[in-house]
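Have a look at the structure below, then the notes.
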Amino acid sequence: AKGGKCGEDACVAIPNGEKLLLAVADGVGGWRSKGVDPSIFSNQLIDNLADLFTSSTADNNKDSTLIEKVKTAFWRMADRSKRQIIGSSTVAAAVVDRRQNCMETVNIGDSGILLIRDDQVVWQTHPKQTGFNAPLQLSLQMDGSAIDVTPRADLCNVELCKGDVIVVGSDGLFDNVFQEEIVGMVKTIHDGNRSEQHMADDLVSLAYRNSLQSDLTTPWSVEAERAG
């Protein structure tokens, strides 16, 4: 089912046959100063992507790549025949093929994906940004212009093994929680035979607690020091 109220973020985890779509979009909060609700853009982007993944329409080839679906999901929002949505968002998305044991990924901006196997991160996305705290974003501007950065997205195909754990999150997770903390929590939950939902809830709670501590060293504070 699609994610509920996630602030400026939107998420989806939805199956279609032997495939599973996992995606997170992080709306840019700076739009609030211009009277724009940034959650509308991110939620519509995820809604469009989920629709393209699960349905067969004139502009949706079921065999199209994930990046083609992300691009189409974005341009649907720029359709001038409809009410144009204004805003910007990062997006990290993965399609897991449970029959072929592989995962196709797309990453734009500083949301991200981790693949954890045998208590180690064996693969990860890396932030796509123009500078510190300046991630690439899909954007629809107030003047009607569209900024489509899909040609600059990171694309990857990854082999999967039984027991792999895939973590997809916005920078709200990865700015506040180190990878070793995520791995440790995943291991603890696995050892205790707790559900995937408990895993997700505990990771979100940890990220939130860390974000409230002004004197705590976090991935974001480390990068901020490096950037001066």
Side-chain angles (χ1 to χ4, degrees), residues 1-3 5-17 19-97 103-113 125-130 134-157 168-171:
K2 282 182 256 186
K5 295 181 179 179
C6 304
E8 294 153 5
D9 295 356
C11 63
V12 69
I14 190 168
N16 185 7
K19 295 185 177 182
L20 173 70
L21 171 67
L22 306 169
V24 167
D26 179 4
V28 176
W31 280 102
R32 291 192 186 279
S33 65
K34 298 182 180 181
V36 174
D37 180 352
S39 69
I40 295 175
F41 185 100
S42 56
N43 276 275
Q44 188 62 61
L45 181 65
I46 290 297
D47 284 348
N48 288 352
L49 184 58
D51 178 61
L52 288 163
F53 178 72
T54 57
S55 66
S56 178
T57 61
D59 61 351
N60 177 33
N61 179 346
K62 67 179 181 180
D63 296 321
S64 65
T65 63
L66 179 56
I67 188 59
E68 289 170 341
K69 286 183 170 64
V70 171
K71 187 180 185 74
T72 300
F74 169 68
W75 280 102
R76 276 187 176 184
M77 298 182 354
D79 187 344
R80 292 178 180 276
S81 67
K82 304 174 184 177
R83 174 181 171 271
Q84 185 176 357
I85 294 173
I86 298 169
S88 309
S89 180
T90 66
V91 60
V95 170
V96 176
D97 189 324
M103 174 174 66
E104 179 187 11
T105 67
V106 168
N107 188 51
I108 297 171
D110 57 3
S111 294
I113 305 168
T125 57
H126 296 280
K128 294 284 291 182
Q129 51 192 11
T130 58
L136 290 183
Q137 306 155 8
L138 296 168
S139 183
L140 295 174
Q141 300 293 306
M142 285 183 164
D143 63 3
S145 61
I147 301 174
D148 179 1
V149 295
T150 54
R152 299 172 64 186
D154 266 350
L155 315 177
C156 198
N157 286 282
V168 185
S170 72
D171 63 341

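As the structure is a computational prediction, the values presented were derived from the model and not from experiment.
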Margin query: Under the criterion side-chain contact (heavy atoms from CB on, under 4.5 Å), I'd like the reasoning laid out for W31 against E8: C-alpha separation, chi angles, the key distance, then a yes or no.
Written below: CA-CA 11 Å; W31 280 102; E8 294 153 5; over 6 Å; no
Notebook entry, point to check: Which is it for V24 and T90 under the side-chain contact (heavy atoms from CB on, under 4.5 Å) test, yes or no, and what are the steps along the way?
Noted result: CA-CA 8 Å; V24 167; T90 66; over 6 Å; no
How close do [X] and [Y] get, heavy atom to heavy atom, and via which atoms?
X    : Y    : answer
P15  : L20  : N-CD1, 3.8 Å
G27  : S42  : N-CB, 3.7 Å
G109 : N107 : O-ND2, 3.5 Å
D51  : R76  : OD2-NH1, 2.8 Å
F41  : I85  : CA-CG2, 3.8 Å
I46  : A23  : CD1-CB, 3.8 Å

Item checked: Test applied, side-chain hydrogen bond (donor to acceptor under 3.5 Å, both in side chains); reference residue, S170; option that passes from D26, D110, D9 -> D9
Next item on the list: Would you mind telling me which of D148, T150, N48 makes a side-chain hydrogen bond (donor to acceptor under 3.5 Å, both in side chains) with W75?
Entry: D148
Notebook entry, point to check: Could you walk me through whether L22 and I113 pass the side-chain contact (heavy atoms from CB on, under 4.5 Å) check?
Noted result: CA-CA 10 Å; L22 306 169; I113 305 168; over 6 Å; no
Next item on the list: Using the side-chain contact (heavy atoms from CB on, under 4.5 Å) rule, pick out the option among K19, M103, E104 that qualifies with D97.
Entry: K19
